[in-house]
Amino acid sequence: MLSAGGYLPADLVTNEELARRYGLDTSDEWIQERTGIRQRHLAAPGETASSMGIKAARQALERAGVDAAEVDAVIVATATPDSSFPATAVRIQAGLGITRGFAFDLLAACTGFIYALSVADAMIRTGQCRTALVIGAETYSRILDWTDRTTCVLFGDGAGAVVLRAEEGEAGILSSHIHADGRHGGILHVEGGPGSTGGTGLLRMAGREVFKHAVTKLASAVDEALTANGLERGDVNWLVPHQANIRIIEAMGKKLHLAPERVITTVQRHANTSAASIPLAMAEAVGEGRFQPGDLLLLEAIGGGLTWGATLLRW
Ligand code: COA
């Protein structure tokens, strides 16, 4: 992995402002206490997964010192594409002026970025591409029920991107471990959609149920990734978790015996940006120069499906 970039929409909305704007019976105190979230960014009219993804990708390419013309694969994890097709990835490819290689979207909800990394890594290893842009880009504000205080306070919009390249050496993805169990689809899903009701549909979640699955499934994915590489918890330098809830993030940090400053957290400022949350967190950490060559990074996520997984990578 060469570098990471991110983009957040300009409209920064605090909990108090959100409650005022949408007439919600909630409070800053309730939201912060249960989730850690203080604010989120919301896309402006006309701003989409592709327009934000292009900006995140440009920053990632610039930081990596890679020209867009060198990219031969664009993989976008999103549950909120601009439209059913062309794929958001193809729109981003065009926006960056790339005319070769391939581009496609991948949907695994909040686990989308881990799935996309897994696919990109496999394609690089099998020689199907050499330089890949892997992007998470979401506009959940468009699929939220703004009258449902149990879900609409939890999410935000944004995009993050990383550049992967086939290279010899120690650095790079060690392995990814992805899972799905559709029996639990009903506890976090979008009701309706382009192929059923014709609209975008609205997000529904049984928060408590998701919370229970999150703690156990993330822990098992993390153990699976470490065991597969003959590594131990103490070997991990940085945890870059999906940013849904500070309590889940802190529980995972404790499980790995990591000092709080070794756990990248953005949920307080970004809320849950689904597939964009991990690459956005990576982009911030890269901007602050936190990752050093040789550092071991552990990425993990769980989301609708249910889907979950973990990636271990050497910076
Ligand atoms: N403001 C104020 N009160 C709210 C509220 C809000 N925004 N949302 C819910 N409440 C109320 C509920 O109505 C309920 O009231 P009642 O006891 O009178 O019925 C009470 O708060 C507790 O609701 P509950 O849903 O049981 O809260 P919780 O402690 O489980 O916290 C979540 C809710 C969503 C924060 C928590 O379940 C969670 O984080 N789950 C995991 C979600 C997640 O990570 N999802 C993404 C995975 S990708």
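Whatever order the structure lists them in is the order used to number ligands and atoms, beginning at 1.
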Where Gly160 and Ala276 come nearest, the two heavy atoms and their spacing: N-CB, 4.2 Å
Region of Thr150 that comes within reach of ligand 1 [heavy atoms, distance under 4.0 Å]: both
Within reach of ligand 1, part of Thr26 (heavy-atom separation under 4.0 Å): both
Could you tell me whether [X] and ligand 1 have an N or O pair separated by under 3.5 Å?
{"X": "Arg149", "result": "yes"}
{"X": "Asn245", "result": "yes"}
{"X": "Arg208", "result": "yes"}

Could you tell me, atom by atom, which parts of ligand 1 come under 4.0 Å of a heavy atom of [X]?
{"X": "Ile302", "result": "48 (S)"}
{"X": "Val210", "result": "43 (C), 45 (N), 47 (C)"}
{"X": "Cys110", "result": "48 (S)"}
{"X": "Met205", "result": "42 (C), 45 (N)"}
{"X": "Thr35", "result": "35 (C)"}
{"X": "Ile248", "result": "44 (O)"}
{"X": "Ala244", "result": "44 (O), 46 (C)"}
{"X": "Gly207", "result": "37 (O), 40 (N), 41 (C)"}

Partner residues of Tyr115 under the ring-ring contact (aromatic ring centres under 6.0 Å, His included) criterion, sequence neighbours left out: none
Parallel, tilted or perpendicular, as decided by the 30° and 60° cut-offs, for the rings of Trp238 and Phe291: perpendicular
Ring geometry between His41 and His270 (parallel below 30°, tilted from 30 to 60°, perpendicular above 60°): perpendicular
Candidates Thr80, Asp82, Asp157, Thr78 - the one meeting side-chain hydrogen bond (donor to acceptor under 3.5 Å, both in side chains) with Thr48: Asp82
Within 6.0 angstrom of Arg183 CZ, more than 12 heavy atoms from elsewhere: no
Summary of side chain to side chain donor-acceptor pair (under 3.5 Å) pairs that have at least one residue in residues 57-71, sequence neighbours excluded: Glu70-Arg165
Arg20 and Glu17 ion-paired at < 4.0 Å: yes
Derivation and outcome, side chain to side chain donor-acceptor pair (under 3.5 Å), residues Gln128 and Thr126: CA-CA 6 Å; Gln128 294 181 78; Thr126 51; 3.1 Å; yes
